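The structure appears below as structure tokens.
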Number of protein chains: 2
Amino acid sequence: MKYNEQRAIDSATDLFWKKGFQGAGMRDIQQALDMRPGSIYARFENKEGLFTRVINQYAEHGRARLQAVSEHQEPLVALRTFFVEEVTGASEKRYKRQCLLVKSLAEFDNLGEAAKQAILNGMDALHEGFGQVVAALSAPPHNMIKGDESLIAHWLQEQFVGLRTLAVYASDARINLLIDKLLLDLKGHWPALNRPASDE
Amino acid sequence: MKYNEQRAIDSATDLFWKKGFQGAGMRDIQQALDMRPGSIYARFENKEGLFTRVINQYAEHGRARLQAVSEHQEPLVALRTFFVEEVTGASEKRYKRQCLLVKSLAEFDNLGEAAKQAILNGMDALHEGFGQVVAALSAPPHNMIKGDESLIAHWLQEQFVGLRTLAVYASDARINLLIDKLLLDLKGHWPALNRPASDE
DNA sequence: TTATGACTTGAACAATTGTTCAAGTAAACC
DNA sequence: GGTTTACTTGAACAATTGTTCAAGTCATAA
């Protein structure tokens, strides 16, 4: 019987999300995927190989969701929905609130080269996704933002990371207010680019 | 010869910061502290006991630094300096840019109860520290902010977490611009409190 | 000198880690 | 029907994990 590879990666995603790369032992993985060690190694080569696949799929999924936001006819509304879903959803599995990429970044030094690259590429993929959203908001017919698109994309990514981390232990009411604040600031002022960091 | 306990905890902080709780093996710890297993267990009871001490000291240090910011005669200037130091400092040991509490939060499910509590208490300590800064900025003679102090403190904490995570892999120039943006937004508008999350 | 107490040592322990591999199964191809 | 190919199984492996403990060190007190 051929095992459904997609389902295996989904299960592994859940497990790594909950326990992290080091925290998830091969025996946990065997149980979660309902596969015996030989099968896992035949298919994914390694624990790290499986992890790399998980990270790649996770990042690609996030990038695709952000692209969908950018193609929505009301990108700002879609962006708010995106944040609310990612940050206050999964209240039954609270560990899913923290971004898997950020969680994996915490184990960076203990990972092999392939996994490291996957994480960095994943970060770049998210940045690219946010960049598409910013581009949509800046262009006609919306013209909602003016400023350096790449910088604003990094800013959104920063907000995303911060919110999701805080959401692990703060109340939903708080998080919703912080999303409100985020949308206010998005339309707010931006620092001039050609000026080195200064005060006021 | 009696070993300097403070130096031991400092060395352990460095090690846990670099490798994480699970990633740092007892033999790594023995080498870093230059202590034999028996001594470590006599003094700290556990790997987890040592880790808990590290987290407690780290959080208390952060809280104290924020209190100093709040007592500065120019709290806003001190706040900027605080962010710049925490986020773009330690370029030689880049792993120190990520907040140790956030890094530890990623291992939450794999820790014992004592360590979990230490992390949550540490988060609360940071929130309290940011709260003191907000209080100083809101009160005379500065009157720089008006809004719910606890909410703004959570917002600052969110910015802190997001920035430090991004700073692990983004350029310093980017990070400095994002700090500029942060200070603009701090003085900007805040969502009304008595209203549930809504769109503009 | 002897006894006490705090501290240190490092070999050793059981348990767990990621990984391998010879043997087995079953569908596909000639 | 026989061979190949892809996949599966689970016992077993060496290495590493956190932890223990009998024995040793050394300053101080009696």
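All of these numbers come straight from a predicted model, not from anything done at the bench. The basis for the numbers below is simple: all heavy atoms, side chains too, and nothing from hydrogens, waters or symmetry mates.
In this entry the distance linking CZ of A/Arg27 with P of D/dA12 reads 13 Å, nearest Å. One atom, CG of A/Asn110, and another, P of C/dT17, lie 16 Å apart when rounded to the nearest Å. Protein atom CD of B/Gln22 is 15 Å distant from nucleotide atom C1' of C/dG18, rounded to whole Å. Atom CG of B/Leu33 and atom P of C/dT9 are 12 Å apart (whole Å). Separating the CZ atom of A/Phe44 from the C1' atom of D/dC7 is a distance of 13 Å, rounded to the nearest angstrom. When rounded to the nearest whole Å, the span between CG of B/Asn46 and C1' of D/dT20 equals 12 Å. A/Ile40 has its CD1 atom 14 Å from the C1' atom of C/dT17, to the nearest Å. Put simply, CE on A/Met26 is 14 Å from C1' on D/dT9, counting in whole angstrom units.
Considering only side-chain atoms of A/Met35, the nucleotide from D/dT19, D/dT8, C/dT8 that sits closest is D/dT8.
Taking for each of A/Pro37 and A/Ala42 the nucleotide of DNA chain D with the nearest heavy atom, the 5'-most of the two is the partner of A/Ala42.
If you check every strand for non-hydrogen atoms under 4.0 Å, A/Gly25 touches sugar and phosphate atoms only.
Using a 30° and 60° split on the angle between ring planes, A/Phe16 and A/Phe51 fall in the perpendicular class, above 60°.
Here B/Arg65 pairs with B/Glu86 in a salt bridge; the nearest charged N to carboxylate O distance falls below 4.0 Å.
Taking only side-chain nitrogens and oxygens, A/Arg43 comes nearer than 4.0 Å to OP1 or OP2 of D/dT8.
Using modelled atom types and a 3.5 Å distance limit, the side chains of A/Asp10 and A/Gln57 yield a donor-acceptor pair. Checking B/Arg97 against B/Thr88 by side-chain atom types alone, no donor-acceptor pair falls below 3.5 Å.
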